[in-house]
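Below: one structure, written as structure tokens.
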Amino acid sequence: MVTIGVPRALLYYIYFPMWQRFLTDLGCKVVLSPPTNERILNLGTQATVDEVCAPVKVAFGHVLDLADKVDYVFVPRLVSVEPRAYICPKLMGLPDMVKHSGNKMPELLSPDVDLSRGKMSIARALSEARHTLGKSVWPTLRAFYLSLGENHKVEQRLMSGLTPEEAFHGTAWRRTPGVRMKVAVLGHPYNVYDPVLSMSLIEQLRRSGVDVVTAEMLPQHKIDVGLQGLSKELFWTLSKKVLGAGLYFVKTPREVDGIIVLSSFGCGLESLIADLLERNARRSEFPFMHLIGDEHSGEAGVVTRVEAFIDMVKGRSEHASNISSHGNLQHRPTSTT
Amino acid sequence: MQSKVYLGIDVGSVSTNVVASNASGEVLGTLYLKTQGQPILAIQQGIKEISALIPQDAEIVGVGTTGSGRMLAAAIVGADVVKNEITAHATATLRCVPGTRTILEIGGQDSKIIILNHGVVTDFAMNTVCAAGTGSFLDRQASRLGIPIEELGQLALNAKTPTRIAGRCAVFAESDMVHKQQVGHSTSDIVAGLCEALVRNYLNNVAKGKGIVSPVVFQGGVAANVGIRRAFEEALGLPVHVPEHYSVMGALGACYLAEQIKTVSTFRGFDVADADCQATGVSCTGCGNNCEVVQFSLNGEIVAFWGDRCGKYGHNRVVASN
């Protein structure tokens with residue numbers, strides 16, 4: 001049986017259920033790399049060029065981790081998954097970076113998907129995968145069609161407040177009793193859910209009694225509400241979701257008590273999106289914090305900022321229950337019943 | 001009657017500060033000690049020295065710690081409250097200067113801005129990429145120019161035509177200063193230019209986009225520098241107030257935060273100043289994270305762990321023990 005390694009990085013956090021079903025139905029054994037740890041980060045940073053962001057370095061580390069355990073490592077090149085919007089070029093470049101890094105590299109299974117050029121690119125990607133794995137046409141098509149529904153199956157779990165990891169693998173977290181606030185953690189999924197890149201931000205918040213909601217836990221129609229009224233349509237698929245979710249929360253302030261944006265140092269997309277969000281949040285006097293991560297391993301900086309942010313949100317909401325944000329005593333209509 | 005005393009300890013990268021206050025919030029004594037890379041010794045020294053500044057029969061009813069070494073300090077002294085620096089600074093400033101709207105804080109390696117409205121923190125930021133705008137950078141430049149750090153500010157005030165220094169990066173600033181020296185600018189003009197560069201860097205990076213509203217309070221070790229203070233006033237077009245205890249505001253905030261505890265203090269007593277404190281780094285091999293776990297023991301007895309991601313050791317974390 002052919003074994004295929006899937007790196008627990010980058011688009012894994014979005015497409016894993018689909019990939020897993022497709023590869024399993026084709027008769028392959030899927031091996032998932034472990035959650036990112038220091039060793040994987042080190043493997044990745046040592047092998048990649050300096051310019052790429054930390055998430056790509058981490059993905060590289062996952063590929064290396066899988067290298068001698070599997071026949072192929074699955075690193076698809078998703079150029080575009082919807083009309084007129086694209087995936088980040090650094091992510092697209094990963095298969096080439098792996099191939100040309102000069103290290104001894106595993107065999108890659110890396111079909112190209114570019115839906116901006118029409119649906120035919122799916123046929124080409126499937127045919128490429130089929131030839132590499134030595135499968136015939138019909139089983140491949142069947143596996144593909146069956147895999148399409150897989151992501152919908154986890155949707156319910158995501159909407160209930162589980163992270164992709166929890167939704168994919170059926171684990172759950174126990175809500176800390178006495179939750180008093182809800183904070184949105186926004187950013188590219190491979191940052192937000194990666195235990196090393198995010199410095200366990202979600203864990204840290206939950207441990208402090210804060211409910212976390214992310215863009216992945218939000219139904220599409222709410223993200224569309226957020227994106228309404230933008231002067232120009234964004235052409236980055238991943239950032240669209242982040243911005244849409246953020247603007248939705250700013251527009252409907254009762255949904256969360258604050259927004260934390262987590263991005264990678266050197267991310268061009270987030271440098272625009274985070275700033276755009278910050279301006280909107282500030283205009284509405286909405287608690288907002290932007291954290292920029294890189295290859296750090298010292299958590300102290302994040303811990304301090306997150307603690308301060310929680311204190312700030314608490315202080316503001318206690319205050320707001322007495323006085324409105326404009327400084328006048330809140331007018332309490334006398335009951336007429 | 002025994003007088004009730006609160007202690008606040010702020011362990012920063014450059015200085016370790018200790019403040020004692022009484023039940024009505026009056027400051028009984030402040031200490032500003034250099035950490036010099038030895039936080040345990042600095043904390044013990046601080047405990048020893050502060051005990052001389054408070055009444056003999058005083059009862060310690062609450063201890064708060066803050067700063068990057070707050071966990072360590074809490075483990076040593078048995079703190080009741082362990083708080084981040086933002087909250088500690090805001091708490092102290094609001095008590096000392098009621099009505100403050102903006103706090104500019106520049107310390108050894110951190111700089112922060114805190115925006116307040118009606119006595120509540122509404123926004124804050126800390127420096128991100130670079131420490132160009134902080135105290136250790138000024139320290140280094142002062143020693144390179146052969147000027148005691150205390151005189152740097154006064155020297156800047158004497159400048160007639162401040163030179164322009166690149167402030168974005170500590171390395172660029174230094175090479176720019178060397179260049180200006182070689183061209184023949186006076187030291188005071190260069191130092192004044194350095195102050196302006198630091199303020200420009202702070203306003204562009206830390207305070208980026210935040211509305212700075214009067215009253216503005218400037219604190220942290222760098223607030224001792226009158227040159228920086230004037231550069232802030234000029235850049236903002238607002239008066240900048242430096243509070244009396246500017247250099248120990250974090251510790252003072254920790255003091256005030258300790259007032260809120262309702263239980264009996266877990267303070268270990270002043271004897272910890274002479275106790276045998278050992279922090280040992282253990283590299284955990286339980287998983288690929290290889291966490292650097294710190295095991296802290298007091299007189300041979302392990303009292304606290306920290307630094308593990310999974311919480312395996314944290315269960316034994318006894319920060320507050322009797």
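We name chains A, B, ... by the order of the sequence lines, and we start the count at 1 in each one.
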> Which distance, rounded to the nearest 0.5 Å, do you find between the CE of B:M126 and the OG1 of A:T304?
Replying inline: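 Going from the CE atom of B:M126 to the OG1 atom of A:T304 covers 5.5 Å.
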> At what distance, to the nearest 0.5 angstrom, does CZ of A:F309 lie from CG of B:D123?
Replying inline: 9.0 Å
>> Is it the case that the side chain of A:R282 and the backbone of B:G209 share a donor-acceptor pair, with hydrogens and angles ignored and the cut-off at 3.5 Å?
In response: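 Here the side-chain-to-backbone pair exists.
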> Quick one: do A:R305 and B:E85 make a salt bridge, cutoff under 4.0 Å?
Replying inline: no
>> Any salt bridge linking B:K208 with A:E278? Criterion: basic side-chain nitrogen under 4.0 Å from a carboxylate oxygen.
In response: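 Answer for the salt bridge query: no.
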>> Is B:T122 close to chain A through its backbone or its side chain, or both, or neither, when contacts mean heavy atoms under 4.5 Å?
In response: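 Contact with chain A involves both backbone and side-chain atoms of B:T122.
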>> So for B:V120, is it side chain, backbone, both, or neither that comes closer than 4.5 Å to the heavy atoms of chain A?
In response: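 Side chain only.
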>> Checking B:T87 against A:D311: is there a side-chain donor and acceptor pair closer than 3.5 Å?
In response: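 A:D311 vs B:T87: donor-acceptor pair found between side chains.
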> Tell me, side chain or backbone of A:V196 under 4.5 Å from chain B's heavy atoms, or both, or neither?
Replying inline: both
>> Less than 4.5 Å to any heavy atom of chain B: does that hold for the side chain of A:P195, its backbone, both, or neither?
In response: backbone
>> If you apply the rule side chain to side chain contact (heavy atoms under 4.5 Å, CB included), what do you find for A:M312 with B:I86, and how did you get there?
In response: CA-CA 9 Å; A:M312 175 176 87; B:I86 300 280; over 6 Å; no
> Under a 4.5 Å cut-off applied to non-hydrogen side-chain atoms, are B:R70 and A:V303 in contact?
Replying inline: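 Of all side-chain heavy-atom pairs linking A:V303 with B:R70, at least one is under 4.5 Å.
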> Most heavy-atom pairs under 4.5 angstrom with chain B, which of A:R39, A:M289, A:E307?
Replying inline: A:E307
